[in-house]
Amino acid sequence: MGTLAEEILSARLGRPVHAGEIVVADVDYAMSHDTTSPLAIEAFRKLGRPLWDPSRIVIAIDHVVPASTPAVAITHQHIRQFTQDEGIANFFEAGSGICHQLMVEKGFVAPGSIVVGGDSHTVTYGALGAFATGMGSTDIGLVYATGKTWFRVPQTVRFEVEGSFGHGVTAKDLTLLMVKTIGVSGAVYAAVEYGGPTVRALSISERMTLANMAIEMGGKVGLIEADEVTDRYLAGRVRYDTGTGHLRPIDPDYRRIVELNVDDLVPLVACPPEVDNVRPVTDVVGTPLDEVFIGTCTNGRLDDLALAARVLEGRTINPRTRCIIIPASREVQLQALEHGYIETFMRAGAHIGSPGCGPCIGRHFGVLGKGERALTTMNRNFTGRMGDATAEIYLGNPATAAASAIEGAIADPRAFL
Amino acid sequence: MGRVWRFGDNVNTDEIIPGRYNLTTDRAYLAEHVLCEVRPEFPTNVRPGDAIVGGDNFGCGSSREHAPVAIQAAGISCVIARSFARIFYRNAINIGLPILVSPEVSDAAQDGETIEVDPVTGRITLPDRGLVFHAEPLPPFVLRVAAVGGMLEFVKQYGWEGVTRTEFA
């Protein structure tokens with residue numbers, strides 16, 4: 001009996017657990033990438049124990065791909081060597097895609113599973129009804145060695161959403177509305193649970209866009225009940241069954257319930273320098289842009305690229321604005337190629353990057369210079385996130401980003417759809 | 001005993017150690033750039049024993065353990081805040097960086113004043129003004145983690161069972 005977070009942890013521990021309790025649980029998979037693996041490997045080596053289970057560890061090189069400097073290349077070599085030495089077969093080489101996209105696409109996440117990752121956006125997998133959370137490298141190193149970790153069972157903030165998206169409005173606008181409503185610390189140390197008819201009607205990709213940004217409210221996990229949409233997506237992908245079926249909240253005691261109606265929602269933009277500084281796009285239309293970036297674990301999937309392609313079809317990117325588009329994975333890139341989206345983007349004048357995080361982490365491939373301004377489909381607009389500390393980052397949906405690239409300034413996508 | 005370095009709400013890990021410097025596990029290098037985005041003078045002026053006092057949601061953003069590592073490498077003895085983002089909090093515990101939740105100290109402490117912290121009892125004093133505070137006590141296992149120097153050593157000594165133990169001899 002409890003929230004979805006309590007139900008998943010109770011199922012795993014075989015006894016009812018409640019918010020506030022500290023528990024030690026077995027995890028199903030542990031993930032790390034090129035930034036967080038080195039410290040995790042260091043922690044694992046310090047423990048001096050054998051690997052728990054090489055088949056349950058997933059390592060992706062996605063943050064700085066292809067390598068940008070000799071130092072980065074050496075880090076990648078070090079990680080490759082570790083995967084070879086330890087027999088980690090679930091290793092995804094640079095160009096495969098963003099770790100979170102791969103975790104979902106390649107079937108490492110199942111409803112009712114517990115998955116931990118050395119990256120804060122691990123919360124994304126809650127879209128499939130999994131208890132998935134980001135941790136630091138020492139925690140991940142401990143999981144490498146033991147297959148276990150500790151949790152404080154979280155309280156839950158529940159979003160109950162109804163209504164239908166209007167013209168030019170997407171799951172990204174809903175997630176920005178949520179962050180605006182409760183603020184960047186509105187769910188600190190809590191699980192975020194998403195429900196209601198609007199959420200039920202979303203695709204897995206859209207649900208991932210919601211869960212992905214649970215962390216932007218401080219959330220520990222972002223949970224959506226698994227249902228027939230989840231089962232259809234996972235058929236032929238998922239590698240295991242946790243045996244829990246579709247868990248759901250039972251007589252839950254929520255810390256807070258937030259009711260939202262999206263019928264009148266308009267495209268939103270998060271303005272610098274906080275994710276909860278959210279305004280209707282109409283408030284900032286005309287703000288000149290140096291760069292537009294479409295991609296990331298928030299909005300780099302096929303439906304996101306399809307939306308951007310609808311806007312960019314037959315149009316030209318403004319010469320004062322650089323437009324970078326990076327598919328979230330090779331699978332997404334291939335599908336985008338088959339659908340003709342990549343050609344649409346290239347004819348419009350966009351740069352196409354190899355699947356990975358791109359400029360979202362401010363290390364390469366499109367970083368911003370002094371005083372530059374970007375609108376992106378990312379999840380964070382922190383000072384210095386994309387390069388120089390004086391640069392400004394706006395966050396919006398893929399249609400808003402594409403329309404803004406055409407205008408060379410922040411634009412309302414509704415005029416382009 | 002050290003000095004207070006005051007920060008506001010929602011200090012994120014990109015500000016603690018920006019992505020462009022977060023390319024290495026070299027602690028000295030991380031310390032050279034820690035918090036440079038928010039207070040450029042911090043890396044050069046910080047002295048061993050100083051304490052950071054933040055506002056709400058300190059350490060929000062990415063999971064990079066490099067953030068508390070950089071703070072620890074700079075010589076900071078303790079981080080106190082009104083509240084912490086959970087991954088940062090966990091990472092600080094794991095590496096043995098003392099970390100205390102105290103809304104009262106977050107409100108009261110002034111930049112540059114002297115501060116004395118006892119992470120075990122949670123007693124925090126601001127001796128220049130004769131103020132004494134008591135932070136929320138940490139779970140017993142967390143205190144033990146700090147005492148043995150971090151989570152790796154804790155799990156080596158006590159195993160995962162140690163996490164739910166309430167007493168340590």
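To find a chain, count down the sequence lines: A is the first, B the second, and so on, and within it residues start at 1. Basis for what follows: all heavy atoms, side chains included, without hydrogens, waters or symmetry-related copies.
Proximity to chain A is limited to the side chain of B/P139, based on heavy atoms less than 4.5 angstrom apart. Within the 4.5 angstrom heavy-atom criterion, only side-chain atoms of A/E274, from C-beta onward, approach chain B. Only the side chain of B/D56 comes within contact range of chain A, judged by heavy atoms closer than 4.5 Å. In this structure, chain B has a heavy atom under 4.5 Å from the side chain of A/V24, while its backbone stays farther away. Only the side chain of A/I215 comes within contact range of chain B, with heavy atoms under 4.5 Å apart. Only the side chain of B/I87 comes within contact range of chain A, judged by heavy atoms closer than 4.5 Å. At a 4.5 Å heavy-atom cutoff, the contact between B/Y89 and chain A is made by side-chain atoms alone. B/S83 does not touch chain A: none of its heavy atoms, backbone or side chain, sits under 4.5 Å away. Looking at A/E42, only its side chain comes within 4.5 Å of chain B, counting heavy atoms on both sides. The part of A/R49 that comes within reach of chain B is its side chain, from C-beta onward, which places non-hydrogen atoms under 4.5 angstrom from that chain.
With a 4.5 Å cut-off on side-chain heavy atoms, A/T35 and B/H66 count as touching. Residues A/T383 and B/E15 meet the side-chain proximity criterion, which asks for heavy atoms closer than 4.5 Å. Between A/L142 and B/W160, some side-chain heavy-atom pair lies under the 4.5 Å cut-off.
Annotation: maximal heavy-atom pairing with chain A below 4.5 Å, among B/N91, B/T13, B/N94, occurs at B/N94. Between chain A and the residues B/K156, B/E161, B/R64, B/E153, the largest count of heavy-atom pairs under 4.5 Å involves B/K156. Most heavy-atom pairs under 4.5 Å with chain B: of the set A/V275, A/I22, A/D34, this distinction falls to A/I22. Comparing A/V184, A/N379, A/T36, A/I361 by heavy-atom pairs within less than 4.5 Å of chain B, the highest count is held by A/V184. Ranked by heavy-atom pairs shorter than 4.5 Å toward chain B, the options A/A43, A/P38, A/A40, A/P154 are led by A/A43. Chain B forms the most heavy-atom pairs under 4.5 Å with one residue out of A/Y189, A/W150, A/F382, and that residue is A/W150.
Listed for the B/E37 side chain is no donor-acceptor partner under 3.5 Å among the backbone atoms of A/A389.
No more than 12 heavy atoms of other residues, nucleotides or ligands lie within 6.0 Å of CZ in B/R123, so this atom counts as exposed by the packing criterion.
If you check the side chains of A/T133 and B/R86, you find a donor sitting under 3.5 Å from an acceptor. Side-chain atoms of B/R82 and A/S185 form no donor-acceptor pair, as typed in the model, at a separation below 3.5 Å.
No salt bridge links A/R380 with B/D14; every basic N to acidic carboxylate O contact stays at or beyond 4.0 Å.
Nearest heavy-atom pair, A/S120 versus B/S62, reported as atom, atom and distance to 0.1 Å: OG-CA, 3.5 Å. Closest non-hydrogen pair, B/R90 versus A/T149, comes out as NH2-OG1, 2.9 Å. Here the shortest heavy-atom pairing between A/G387 and B/R20 reads O-NH1, 3.2 Å.
Summarising the geometry, atom CD belonging to B/E65 is positioned 3.0 Å from atom OG1 belonging to A/T138; distances are rounded to the nearest 0.5 Å. Taking CD1 from B/I95 and CG from A/L39, the interatomic distance works out to 9.5 Å, rounded to the nearest 0.5 Å.
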